[in-house]
Amino acid sequence: MSSKPSIPKGTRDFSTDEMLKREYIFETIKKVFRLYGYQPIETPAMENLTTLLGKYGEEGDKLLFRILNSGDFLSSVNDEEMGRRDTGKISSKICEKGLRYDLTVPFARYVVQHRDEIVFPFKRYQIQPVWRADRPQKGRYREFFQCDVDVIGSDSLLNEYELIKIVDDIFSRLKIATVVKINNRKILAGIAEFIGEPDRIIDITVAIDKLDKIGMEAVNAELTGKGLSAEAISNLQPVLQLQGNTEEKLSRLAELLVNSETGIKGISELRTLFEFIGGSALNCEVELDLTLARGLNYYTGAIIEVKSKDVSIGSICGGGRYDNLTGVFGMEGVSGVGISFGADRIYDVLIQLNLFSELKVSSTEVLIVNFGEKETKYALSILDMLRSFDVSAEFYPDSVKLKKQMSYADAKKIPYIIIAGEDEISKSIVTVKNMSTGEQKTIALKDMKTFVADEIKKSE
RNA sequence: GUGGAUGUAGUUCAGUUGGUUAGAACGUCGGAUUGUGGUUCCGAAGGUCGCCGGUUCGAACCCGGUCUUCCACCCCA
């Protein structure tokens with residue numbers, strides 16, 4: 001015997017039972033995406049590393065899975081480089097492909113490459129796995145599915161509004177209570193400008209993102225550690241201490257950021273967005289969260305993050321506007337906005353909230369018992385008949401003991417069994433057994449259609 | 001990438017200060033019942049104790065390394 005088989009760290013197999021539940025999530029999401037006029041695309045699992053590198057910040061580059069070149073890849077590395085054991089240097093020579101890290105960057109690449117055939121504004125959705133060489137833990141996997149919706153080629157804030165409607169629609173259908181947090185990167189830039197550290201926007205936002213978690217003092221300490229001046233940090237305090245409802249916060253911010261053109265722009269964008277939101281009935285809570293930063297450094301406008309109110313698992317959905325993602329691929333001035341649903345985390349939330357209970361476990365409605373060669377022809381004709389009535393049916397492939405066949409039906413939760421042996425064949429009937437009541441009756445072949453309509457289809 | 005916990009049958013878990021042949025439940029298979037599942041009864045199969053090395057007369061147990069899973073940090077869906 002060889003050693004026990006296993007799968008790579010952070011990856012998972014999905015059982016039939018899990019797949020039914022996952023498909024329910026994907027179907028729900030897809031249905032809503034289509035309802036709002038989005039169309040599907042797919043891109044390859046692997047991209048050229050030149051497409052992926054530098055798009056996700058330093059941290060992101062480290063988390064990219066790289067694919068070793070085929071063939072004699074070491075011939076391009078000379079002895080000196082080999083001797084220095086500089087992994088980064090060597091890997092760039094022997095790996096030119098990597099697994100996709102998200103769906104947004106491949107999408108931007110797709111748009112640039114297919115601009116001649118795309119009608120703008122382009123509304124697409126994409127549901128595919130992505131890979132990150134992260135250390136796995138709760139709600140974090142190395143292979144997971146993202147469900148992205150993006151509009152590219154339109155600056156209108158109506159798109160941001162539409163995405164929030166989609167979020168609300170999907171989570172309402174899935175019966176997950178959520179909070180949608182919204183912020184705007186321009187405001188964060190304005191704040192960085194306001195405190196006199198415009199270049200440190202990343203450090204500043206990463207630190208204030210943790211405000212909720214670690215508190216104000218720890219945030220200030222982290223900023224000091226990052227080398228921010230005491231003056232800058234003290235200037236930041238009124239921002240961190242902002243209180244009140246959305247409008248109050250925005251008004252106060254408008255006063256503080258009065259000298260920052262970008263900041264003012266961000267505030268006006270948020271005001272417009274909240275006006276749209278205010279005019280619509282939503283099930284989810286929507287709030288302005290100035291501490292919301294999000295790591296991806298390509299966002300330039302709105303930033304959106306969605307959290308479950310009942311399960312603590314990080315964000316289950318996130319996104320924002322990126323003004324020039326296609327620019328790095330040579331197509332300037334095209335703005336896009338999109339969000340991504342984390343299907344695996346949504347699954348975990350639904351499991352924890354026990355919201356899958358009503359989902360049907362078996363898809364097979366009728367099992368036909370196999371008695372042997374002589375009876376097979378008759379059984380197969382019934383099988384065809386059932387399927388022609390749109391009844392999902394199967395014929396047990398081996399003529400083993402009845403007990404075994406019935407246990408199979410039992411284990412698969414198949415609600416009906418059809419028994420057709422010598423007796424039944426001679427009379428052109430079948431015996432139908434209802435597995436939950438144990439009740440049995442004989443049905444003439446000519447009455448099968450009525451039986452299906454009256455009994456099997458009725459209980460669905 | 002940093003720190004902590006974990007790993008024993010298909011699964012969930014017992015396993016005495018290191019001492020004969022490593023147990024249970026569930027599941028699987030066979031039988032009670034050759035045309036009737038779920039309940040019951042009887043029986044059987046199933047283990048390189050994660051992997052590699054060390055200490056010891058002797059290791060599931062002690063030590064080192066490694067991998068997996070889980071948890072926290074970093075970061076993130």
Side-chain angles (χ1 to χ4, degrees), chain A residues 1-12 15 25 29 56-63 87 100-104 127-148 167 202 205-207 209-210 213-214 218 222 292-297 304-308 312-320 338-349 367 369-372 375 396 399-425 430-440 442:
Chain A
M1 252 307 261
S2 55
S3 58
K4 274 191 187 179
S6 63
I7 54 175
K9 185 202 292 213
T11 63
R12 295 149 302 153
S15 66
I25 295 173
I29 290 175
Y56 310 106
E58 219 177 296
E59 196 71 30
D61 285 355
K62 276 196 282 184
L63 299 179
T87 310
R100 74 165 98 79
Y101 178 90
D102 73 356
L103 300 176
T104 307
I127 298 178
Q128 291 191 274
V130 303
W131 295 268
R132 296 184 187 176
D134 213 345
R135 188 174 284 203
Q137 48 172 287
K138 188 104 204 148
R140 181 175 302 191
Y141 309 99
R142 290 184 133 183
E143 176 184 63
F144 60 97
F145 274 73
Q146 289 193 326
C147 314
D148 273 37
V167 167
I202 303 269
T205 53
V206 166
D209 186 35
K210 295 178 195 157
K213 222 175 181 177
I214 62 178
E222 179 164 335
L292 174 61
R294 292 192 60 76
L296 296 177
N297 48 13
I304 301 164
E305 185 169 285
V306 182
K307 290 193 164 176
S308 156
S312 157
I313 196 168
S315 60
I316 52 179
C317 179
I339 45 169
S340 176
F341 291 78
D344 305 81
R345 286 189 179 175
I346 291 171
Y347 179 93
D348 292 344
V349 168
L367 174 79
V369 170
N370 187 326
F371 277 105
E375 293 85 352
Y396 198 88
S399 78
V400 294
K401 273 185 296 195
L402 242 189
K403 176 190 167 83
K404 169 91 180 153
Q405 303 192 38
M406 294 192 73
S407 304
Y408 171 82
D410 204 42
K412 275 188 83 176
K413 298 196 164 56
I414 297 173
Y416 294 94
I417 279 193
I418 282 184
I419 298 166
E422 253 180 286
D423 291 355
E424 284 88 353
I425 296 174
V430 294
T431 299
V432 179
K433 176 168 179 137
N434 179 323
M435 289 295 277
S436 53
T437 61
E439 201 184 322
Q440 242 170 256
T442 54

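Just so it is clear: chains get the letters A, B, ... in the order the sequence lines come, proteins before strands, and each one is counted from 1.
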Tested for ring pair (Phe, Tyr, Trp, His ring centres under 6.0 Å) against A:Y101, the lone hit among A:F144, A:W131, A:Y56 is A:Y56

Decide yes or no, distance alone: a donor-acceptor N/O pair under 3.5 angstrom between the base of B:G37 and the side-chain of A:D410. yes

Protein and nucleotides 65-68 of chain B: nitrogen or oxygen contacts under 3.5 angstrom:
| unit_1 | atom_1 | unit_2 | atom_2 | d |
| --- | --- | --- | --- | --- |
| B:U68 | OP2 | A:K9 | NZ | 3.2 |

Residue whose closest nucleotide on RNA chain B lies nearer the 5' end, A:R345 versus A:M406: A:M406

Non-neighbouring partners of A:Y396 that pass ring-ring contact (aromatic ring centres under 6.0 Å, His included), sequence neighbours left out: A:Y408

Let me know the distance between CG of A:N434 and C1' of B:U36, rounded to the nearest Å. 14 Å

Can you check nucleotides 71-74 of chain B for protein contacts, nitrogen or oxygen pairs under 3.5 Å, and list what you find?
| unit_1 | atom_1 | unit_2 | atom_2 | d |
| --- | --- | --- | --- | --- |
| B:C71 | OP2 | A:K138 | N | 2.2 |
| B:A72 | OP2 | A:Q137 | OE1 | 3.1 |
| B:C74 | N4 | A:R140 | NH1 | 2.8 |
| B:C74 | N4 | A:R140 | NH2 | 3.4 |

What does the list of N/O pairs under 3.5 Å between the protein and nucleotides 30-35 of chain B look like, with a distance for each?
| unit_1 | atom_1 | unit_2 | atom_2 | d |
| --- | --- | --- | --- | --- |
| B:G31 | OP1 | A:K401 | NZ | 3.3 |
| B:G31 | OP2 | A:K401 | NZ | 2.3 |
| B:G35 | O6 | A:E424 | OE1 | 3.2 |
| B:G35 | N1 | A:E424 | OE1 | 2.9 |
| B:G35 | N1 | A:E424 | OE2 | 3.1 |
| B:G35 | N2 | A:E424 | OE2 | 2.8 |

What is the nucleic acid contact for A:C317, judged by heavy atoms within less than 4.0 Å: base, sugar-phosphate only, or nothing? sugar-phosphate

State which residues pass side chain to side chain donor-acceptor pair (under 3.5 Å) with A:Q146; sequence neighbours excluded, sorted by chain then number. none

In this structure, how many angstroms lie between the C1' atom of B:A77 and the CD atom of A:E143, rounded? 14 Å

Could you tell me how far apart A:R100 (CZ) and B:A77 (P) are, to the nearest whole angstrom? 16 Å

From NZ of A:K433 over to P of B:G38, roughly how many Å is that when rounded to an integer? 10 Å

So, A:T431 versus A:E424: side-chain donor-acceptor pair below 3.5 Å or not? yes

Given a 3.5 Å cut-off on both pairing distances, which stems involving RNA chain B, each at least three consecutive Watson-Crick or G-U pairs, are present, if any? B:1-5 with B:69-73, B:10-13 with B:23-26, B:28-32 with B:40-44, B:50-54 with B:62-66

Give the rounded distance in Å between these two atoms: OH of A:Y408 and P of B:U28. 14 Å

